[in-house]
Participant: 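Sharing a structure with you now.
Quick note on labels: first sequence line is chain A, next is B, and so on, each numbered from 1. Because the structure is predicted, anything quoted here is derived from the model rather than measured.
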Protein chains: 2
Amino acid sequence: MPINPVDPRPPSQQIADDVRAEIEAGRIPSGGRLPSTSELAARYGVTRETIRQAIARLKSAGIVSSRQGSGVFARPRPAMKRLGINRYAKSLWRDTGIVAFAADREASSRTWSPGDQTQTVSEVAADPQVAEAFGVEPGTRMYERARLVAEQGVPTHTLTSYYRPSDVEGTRLVDAAPGPAGRGGGFAVLTEQGLEPHEIQEDLTARMPTPREVQTLRLPPGEPIVELHRTTYTADGRVIEFARGVHSASHFTWSYKFKIPE
Amino acid sequence: MPINPVDPRPPSQQIADDVRAEIEAGRIPSGGRLPSTSELAARYGVTRETIRQAIARLKSAGIVSSRQGSGVFARPRPAMKRLGINRYAKSLWRDTGIVAFAADREASSRTWSPGDQTQTVSEVAADPQVAEAFGVEPGTRMYERARLVAEQGVPTHTLTSYYRPSDVEGTRLVDAAPGPAGRGGGFAVLTEQGLEPHEIQEDLTARMPTPREVQTLRLPPGEPIVELHRTTYTADGRVIEFARGVHSASHFTWSYKFKIPE
DNA sequence: TAGTGGTCTAGACCACTTC
DNA sequence: AAGTGGTCTAGACCACTAA
């Protein structure tokens, strides 16, 4: 469809909408390459720069991504992993040594290698959020366990857990060894310490990523993130873990099923 | 900070990062106006067009928004409304006639006027998602109740519910009257029909909005949306409502608390 | 090496807001 | 009327990829 000079939308917007329609109609397949910017410029009778503006709009919308020297491609939608509360089921980590982390992988029937997770443990001062979760003063020393989780080499999310030093000191949780908390997972370790997880609160919010998050998760333009806050309690209401996750939005769905309260 | 020619980041990126830092440090207050593009151009020794590129980056990141003829402004972060499962509590709609919808408003201690919600009811053919939720054939006739919810005149989300015609035919739910389902809310009506809601499943996913969603929710550039799917069951497992919500991400946090399953 | 996307400039015109 | 952001052009150069 050529440019319509009567159309109130500027040419770059018309072109963007046009290309978007091509993609959504499947005429440009998912993952397929768009015509080169020069060709589009000739086709629509505008400058290459105008085409770039149109492409820029589509990038912000998460529709396409570009590789310099190679082309502009319709962004394929990755398979979504569904995160339900059963990923925390006690049977998964109580005796078996399987952990929620690995259970997620198995549920999605994709191969998993331990190298998909990198982990660093350090002692840090509690920021206000962490402090509030534990009910301590900001600045209190805490253990921080930061993980970057990848799927087939593609980073999908970060997950940073905080623990009271007195709860985890001397356990394998605070070893710097990579993998799911040494072995057995954080919940198993806490259980061994007499602090069995019993209840979880999860808070979710979505936003655009910071430049730093773009870098560590290698996010394409137009990819939002979901920030997850997880607070874990024992049966008597004691907070034993607070975790912050940053998830590449297009890889996940969260699913909760609950009885309607009185 | 002037442009650094050795820096690998292109000038427009350096400027964007620079301005972002100004905002995050509070030197440009939330809601405040940035210097004009001409002034920034002079300050950094680049063209206005380059400044526009820098601003474009910040817009995609949801950091600023611009009003033609007026200026570019640091986007204020709206107060977040926390959505917990108590917004569905039976006590809120069973006898009182208050509905989850209105209860949300009260919990957030903001004034609410019925005009904040517009509603249209129609009969439609089930799309695949709706069909799957109810376990019927795609194309089956269903009632659709579409609502656009606003907060102080600002649209915050849409919510479109689907019902089996046999469940709601002849009730005030299918009146085209505006407001929360006439009066009493959808859950109250279903209860009167002998179909008391008992369990809910919510699925959440975040993504960038479609052009259509941008229009109806009047979303600024760089604002992601959260798509919420809600399926409501009776005590014997019958699906009585399926709803799809599209929420402007920066207005909401979802909060779930649950016991860790065995 | 040829082709791709990424960036920038200098200048122009337009649409909108504010005074 | 003056100032603001929005868009487009024509041309140039650069960085990267693939043959």
Participant: Nearest whole angstrom, please: distance from the C1' of D:dT7 to the OH of A:Y44.
Facilitator: 18 Å
Participant: Looking at C:dT4, I'd like to know if its phosphate oxygens (OP1 or OP2) sit under 4.0 Å from a side-chain N or O belonging to A:S66.
Facilitator: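 So the side-chain polar atoms of A:S66 never come under 4.0 Å of the phosphate oxygens OP1 or OP2 of C:dT4.
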Participant: Return the value, rounded to whole Å, for the distance between atom CZ of B:R57 and atom C1' of C:dC8.
Facilitator: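 From B:R57 CZ to C:dC8 C1': 12 Å.
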Participant: Which nucleotide, C:dG6, D:dA10, D:dT7, lies nearest any side-chain atom of A:T47?
Facilitator: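 In terms of side-chain proximity for A:T47, the closest of C:dG6, D:dA10, D:dT7 is D:dA10.
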Participant: Nearest whole angstrom, please: distance from the C1' of D:dG5 to the CG of B:L40.
Facilitator: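 Rounding to the nearest Å, CG of B:L40 and C1' of D:dG5 are 12 Å apart.
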Participant: Please lay out, stage by stage, how A:W254 and A:V226 fare under the test side chain to side chain contact (heavy atoms under 4.5 Å, CB included).
Facilitator: CA-CA 10 Å; A:W254 281 264; A:V226 174; 3.7 Å; yes
Participant: Among C:dG6, D:dT9, D:dT7, which is the nearest nucleotide to the side chain of A:K59?
Facilitator: C:dG6
Participant: Rounded to the nearest angstrom, tell me the gap between atom CD in B:Q53 and atom P in D:dT7.
Facilitator: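 From B:Q53 CD to D:dT7 P: 11 Å.
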Participant: Return the set of residues passing salt bridge (Lys or Arg N to Asp or Glu O under 4.0 Å) with A:R9 (not counting sequence neighbours), or none when no residue passes.
Facilitator: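 Here the qualifying residues are A:D7, A:D17.
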Participant: Parallel, tilted or perpendicular: which describes the rings of B:Y256 and A:Y256, with under 30° parallel and over 60° perpendicular?
Facilitator: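 B:Y256 vs A:Y256 ring planes: parallel.
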Participant: With side chain to side chain contact (heavy atoms under 4.5 Å, CB included) as the test, would you mind laying out the steps for B:E144 and B:V121 before giving the verdict?
Facilitator: CA-CA 6 Å; B:E144 174 189 275; B:V121 177; over 6 Å; no
Participant: Test of understanding: with salt bridge (Lys or Arg N to Asp or Glu O under 4.0 Å), list the residues that count as partners of A:D127, not counting sequence neighbours.
Facilitator: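 Once residues adjacent in sequence are excluded, the partners of A:D127 under the salt bridge (Lys or Arg N to Asp or Glu O under 4.0 Å) criterion are A:R244.
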Participant: Protein within reach of the bases, or only the backbone? For nucleotides 14-19 of chain D, mark each nucleotide 5' to 3' as B, S or -, using heavy atoms under 4.0 Å.
Facilitator: -BBS--
Participant: Between C:dT7 atom C1' and A:I51 atom CD1, what is the distance in whole Å?
Facilitator: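 The answer, rounded to whole Å, is 17 Å.
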Participant: What residues from residues 8-38 of chain A pass a heavy-atom cutoff of under 4.0 Å to DNA chain D?
Facilitator: A:P10, A:P11, A:S12
Participant: Please state how far atom CD in B:E49 lies from atom P in D:dG5, giving the value in whole angstrom units.
Facilitator: 13 Å
Participant: Flag the pair B:R212 and A:E24 as a salt bridge only when some basic side-chain nitrogen lies within less than 4.0 angstrom of an acidic carboxylate oxygen.
Facilitator: no
Participant: Going by the salt bridge (charged side-chain N to carboxylate O under 4.0 Å, His left out) test, which pairs reach into residues 60-70 of chain A, not counting sequence neighbours?
Facilitator: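 Applying salt bridge (charged side-chain N to carboxylate O under 4.0 Å, His left out) to every pair that reaches into residues 60-70 of chain A, excluding sequence neighbours, yields nothing.
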Participant: Which word best sums up how the rings of B:H157 and B:F252 line up, parallel for under 30°, tilted for 30 to 60°, or perpendicular for over 60°?
Facilitator: perpendicular
Participant: Separation of A:R52 atom CZ from D:dA12 atom C1', in whole Å?
Facilitator: 14 Å
Participant: Which nucleotide sits closest to the side chain of A:R48: C:dT9, C:dT7, D:dG5?
Facilitator: C:dT7
Participant: Applying salt bridge (charged side-chain N to carboxylate O under 4.0 Å, His left out) as the test, list every pair that has at least one member in residues 51-61 of chain A; sequence neighbours left out.
Facilitator: A:E49-A:R52
Participant: What integer distance in Å separates B:I55:CD1 from C:dT7:P?
Facilitator: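 Value for this atom pair: 16 Å.
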